[in-house]
Structures are given as structure tokens and as C-alpha cells.
Amino acid sequence: MEANQRIARISAHLHPQNSQMEESCVLKPLECRAKGGAPGFKVAILGAAGGIGQPLAMLMKMNPLVSVLHLYDVVNAPGVTADISHMDTGAVVRGFLGQPQLEGALTGMDLVVIPAGVPRKPGMTRDDLFNINAGIVRTLCEGIAKCCPNAIVNLISNPVNSTVPIAAEVFKKAGTYDPKRLLGVTMLDVVRANTFVAEVLGLDPREVDVPVVGGHAGVTILPLLSQVKPPCSFTKEEVEYLTKRIQDGGTEVVQAKAGAGSATLSMAYAAVKFADACLRGLRGDAGVIECAFVASEVTELPFFATKVRLGRSGAEEVYQLGPLNEYERIGLEHAKKELGESIQKGISFIKK
Ligand SMILES: NC(=O)c1ccc[n+]([C@@H]2O[C@H](COP(=O)([O-])OP(=O)(O)OC[C@H]3O[C@@H](n4cnc5c(N)ncnc54)[C@H](O)[C@@H]3O)[C@@H](O)[C@H]2O)c1
Ligand SMILES: O=C(O)C[C@H](O)C(=O)O
């Protein structure tokens with residue numbers, strides 16, 4: 001192959017929107033490389049130029065399970081793509097800018113991670129983001145239904161308690177809904193819970209496992225401190241301090257950032273931890289278990305976050321809550337009341 005042809009192909013691959021070359025010609029060499037020596041999964045990030053999207057893209061580019069990484073946003077996708085693509089790791093990176101390129105970003109993907117949408121400012125609840133983010137999530141999920149209906153979807157955009165039901169309704173309308181493949185990302189609550197509990201116990205956070213169930217907003221975030229591993233006990237004051245700190249973790253960051261957004265770096269870390277678990281599940285690894293907000297029969301609500309087992313088809317098993325103490329049983333009732341309303345709000349947004 002002529003050197004100038006090779007260079008043209010690399011350039012066309014990175015910026016397909018600028019390419020005059022035929023799609024088959026553009027994709028072949030690098031897709032082959034991606035599928036060759038290091039078999040891996042194709043992952044798209046929607047909202048890749050944002051506060052979460054950029055560090056998430058960087059961490060996904062470092063993940064050896066990823067062979068192709070598509071970065072989509074309505075702004076700045078080419079810049080982020082150029083930057084990330086210089087990292088000397090295996091994944092091939094391609095950028096997609098704006099709605100006309102959404103289909104290209106999604107076609108053929110195994111996993112789609114969605115951190116697109118506006119973040120909170122001090123004084124706002126996650127529900128205050130509904131009016132803007134509901135429409136963004138609907139549009140992106142319509143694209144997924146059309147272009148990669150079998151992909152696993154990791155939904156980060158808030159309010160997660162409503163955006164996951166929105167996504168489910170979009171997929172139902174399109175006839176592509178598979179409850180196992182739609183997962184609301186509540187991993188940051190678990191990451192925070194592990195960190196805060198480890199601080200109290202004087203342990204390394206990597207040794208601690210705290211199940212966090214319910215949803216992803218205020219009282220719907222329900223840490224099960226009676227089920228912490230390694231087994232331990234807390235005083236009443238410690239339980240109250242930890243529960244409140246875990247439930248208000250997002251607000252703690254929003255206030256500290258003072259108008260400059262919400263958690264982005266810890267969220268990117270949590271998102272990659274969760275996406276990596278989904279990819280290990282897709283690969284067929286045994287015993288991959290994480291908390292996520294999924295379609296569920298654990299309570300009377302249609303969606304609920306609990307531990308799930310991740311496998312080749314997504315959340316293959318949804319675990320029960322396990323034994324709760326009195327404090328957690330009361331918390332569960334508060335969580336279910338608010339969560340039920342948020343779920344209904346999401347469903348009504350599509351069904352109206
Ligand atoms: N689930 C969680 O635990 C969790 C944690 C932190 C933040 N969040 C949520 O994640 C979302 C993103 O937060 P952020 O800090 O990255 O915000 P951000 O504003 O920094 O980035 C959002 C990105 O989304 C892009 N975007 C907007 N509309 C889009 C569309 N239609 N298609 C594609 N991209 C679009 C923007 O251009 C921007 O680059 C917020 O809703 C936030 O509340 C969730
Ligand atoms: O708190 C927010 O608004 C962002 C996110 O949901 C978080 O928990 O950090």
C-alpha cells in the first residue's frame with residue numbers, strides 16, 4: 001500500500017465526517033487491527049466532551065477489553081477525539097459530532113455509556129434536570145433502538161430514577177426493549193459508600209463492600225450498612241452519619257464546586273469500574289456482581305437498584321435485598337415513596 005494511502009486512511013478513520021473516502025475503504029484497515037491481535041468490545045460514549053465524558057473517554061481508552069471507542073457529543077467531539085487518540089493503548093478511537101453523526105457513532109456498538117446532559121448547580125435537585133435531560137435521553141435512546149438494539153446501555157444522565165424508565169419506554173415503543181440490557185449507573189453511590197465506611201472503620205476502601213440499593217437521589221439512595229463486608233458493627237451515630245453522607249455525596253460535590261458542575265472525576269472512575277464489569281460479563285466471566293438500577297421484581301416498583309449478576313446478556317440475575325434491620329426497613333419505605341413518583345414521571349414523559 002502507498003504511504004499516502006495509508007495516511008489518508010488513518011486520517012479518514014479519525015475524522016469520518018471530513019472524509020471523502022467510501023465508508024468501506026475508511027474502516028477496513030483499522031477495524032481489522034482492532035479485531036485482530038487484541039479482540040475486544042466496541043464502546044460508544046454519548047456526551048464524551050463533557051465533564052464526565054472526557055475522563056471517562058480517557059479511562060476507557062486505557063481498558064484492554066475495549067478495541068473500538070466511539071466518542072459522540074454535540075460539541076467539541078473532534079478535539080477530545082484527537083487528544084485521546086494519541087494515547088498508545090490498543091483501542092481505536094473515532095469522533096462523531098452532532099445529531100447527523102449519531103447513527104455512525106452507534107452502529108455496531110456492544111456497550112453504550114451515556115453521560116450526556118446538564119449537571120446540577122447548588123440549590124438544585126436532580127429532578128430539576130428532568131426538563132432538559134429527559135429529551136436528550138429520549139433522542140439518544142431512539143438512536144440506540146435503531147442502530148444497536150442489542151447493545152448494553154449504561155445510563156448516567158440524571159435524574160437516573162426517571163431517565164432509566166424513559167429509556168425503557170423508548171425501547172418498548174421501538175420493539176427493542178430487553179430489560180437485562182438497560183442499566184442505570186449507581187456505582188458512584190457504592191464507591192462513595194466504600195470510601196466513607198472505610199474511613200470510619202480505618203480500613204483500605206478496596207477491602208470494603210457496601211451494597212447500596214434503591215435509586216440515585218437523596219433518600220432513594222439506601223446503603224445497607226448491616227450487610228457491609230467485612231462484617232462489622234456501627235453505633236447508631238455512625239449509621240446516621242454514614243447514611244446521610246452517602247445520600248448527600250452528590251450534593252457535597254455540587255456545593256464544593258460552587259456552580260462549576262457536579263461530580264465528574266469520581267463519576268468517570270465509577271462509570272469505568274461499572275462499564276468494565278459489564279464488559280467482563282459480556283466476555284463470559286463468572287461471578288461479576290455489582291449494584292445497578294434495573295427493571296426489578298425485588299419490590300413492587302418496576303425499577304430498583306440492587307446487586308445484579310452481569311453476564312453475556314447484561315443483568316442476568318437480580319438479587320433480593322437480603323435481611324434488613326429496622327433502620328433500613330424504615331429507609332426502604334421512604335425510598336420507595338420518592339422512587340415510585342420519579343419512575344412514574346419518566347414513564348409518563350414518553351407515554352403522554
Ligand atoms: N449517575 C450518576 O451517578 C451521576 C454522577 C454524576 C453526574 N451525573 C449526571 O451526568 C450528566 C453529565 O454530567 P457532566 O458533569 O458530564 O455534565 P457536562 O455539562 O460537563 O457534560 C455533559 C455533556 O453532554 C453533552 N450533551 C448535551 N446534549 C447532548 C446530546 N443531545 N447528545 C450528546 N451529548 C450531549 C454536552 O455537550 C456536554 O459535553 C448530568 O446529568 C449529571 O447530573 C450522574
Ligand atoms: O449529585 C449530582 O447531581 C450528580 C450525581 O448524581 C452525583 O451523585 O454526584
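Just follow the structure's listing: the first ligand is 1, and inside any ligand the first atom is 1.
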- [ ] Please determine if K307 and D209 form a salt bridge, counting it only when a charged side-chain N lies under 4.0 Å from a carboxylate O.
- [x] yes
Open item on the list: Using 30° and 60° as the class boundaries, would you call the ring planes of F130 and F349 parallel, tilted or perpendicular?
Closed with: perpendicular
Task: Test side-chain hydrogen bond (donor to acceptor under 3.5 Å, both in side chains) applied to S296 - qualifying residues, sequence neighbours left out - done: none
TODO: At a heavy-atom distance under 4.0 Å, which protein residues reach ligand 2? Sort them by chain and number, would you?
DONE: R120, R126, N158, L188, R192, H216, G250, S262, A263
- [ ] Indicate yes or no: does E103 engage K146 in a salt bridge with an N to O separation below 4.0 Å.
- [x] yes
Task: Residues T220 and N161: side-chain donor-acceptor under 3.5 angstrom - done: yes
Task: Ring centroid separation H216 to F293 under 6.0 Å - done: no
Task: Sequence neighbours excluded, every pair satisfying salt bridge (charged side-chain N to carboxylate O under 4.0 Å, His left out) that has a member inside residues 289-306 - done: E300-K336
TODO: Check the side chains of E142 and T139 for a donor-acceptor pair under 3.5 angstrom, ignoring hydrogens and angles.
DONE: no
Distances only, to 0.1 Å: what are the N or O pairs between ligand 1 and the protein that fall under 3.5 Å?
| residue | atom | partner | partner atom | Å |
| --- | --- | --- | --- | --- |
| ligand 1 | 1 (N) | I156 | O | 3.1 |
| ligand 1 | 1 (N) | V185 | O | 3.2 |
| ligand 1 | 3 (O) | H216 | NE2 | 3.1 |
| ligand 1 | 8 (N) | N158 | ND2 | 3.4 |
| ligand 1 | 16 (O) | G51 | N | 3.3 |
| ligand 1 | 16 (O) | I52 | N | 2.9 |
| ligand 1 | 20 (O) | G51 | N | 2.7 |
| ligand 1 | 24 (O) | G117 | N | 3.3 |
| ligand 1 | 37 (O) | D73 | OD1 | 2.6 |
| ligand 1 | 39 (O) | G50 | N | 3.2 |
| ligand 1 | 39 (O) | D73 | OD1 | 3.4 |
| ligand 1 | 39 (O) | D73 | OD2 | 2.7 |
| ligand 1 | 41 (O) | V118 | O | 2.8 |
| ligand 1 | 41 (O) | N133 | ND2 | 3.1 |
| ligand 1 | 41 (O) | N158 | N | 3.2 |
| ligand 1 | 43 (O) | N158 | ND2 | 2.9 |

- [ ] May I ask you to check whether T251 and R120 show a side-chain donor-acceptor distance below 3.5 Å?
- [x] yes
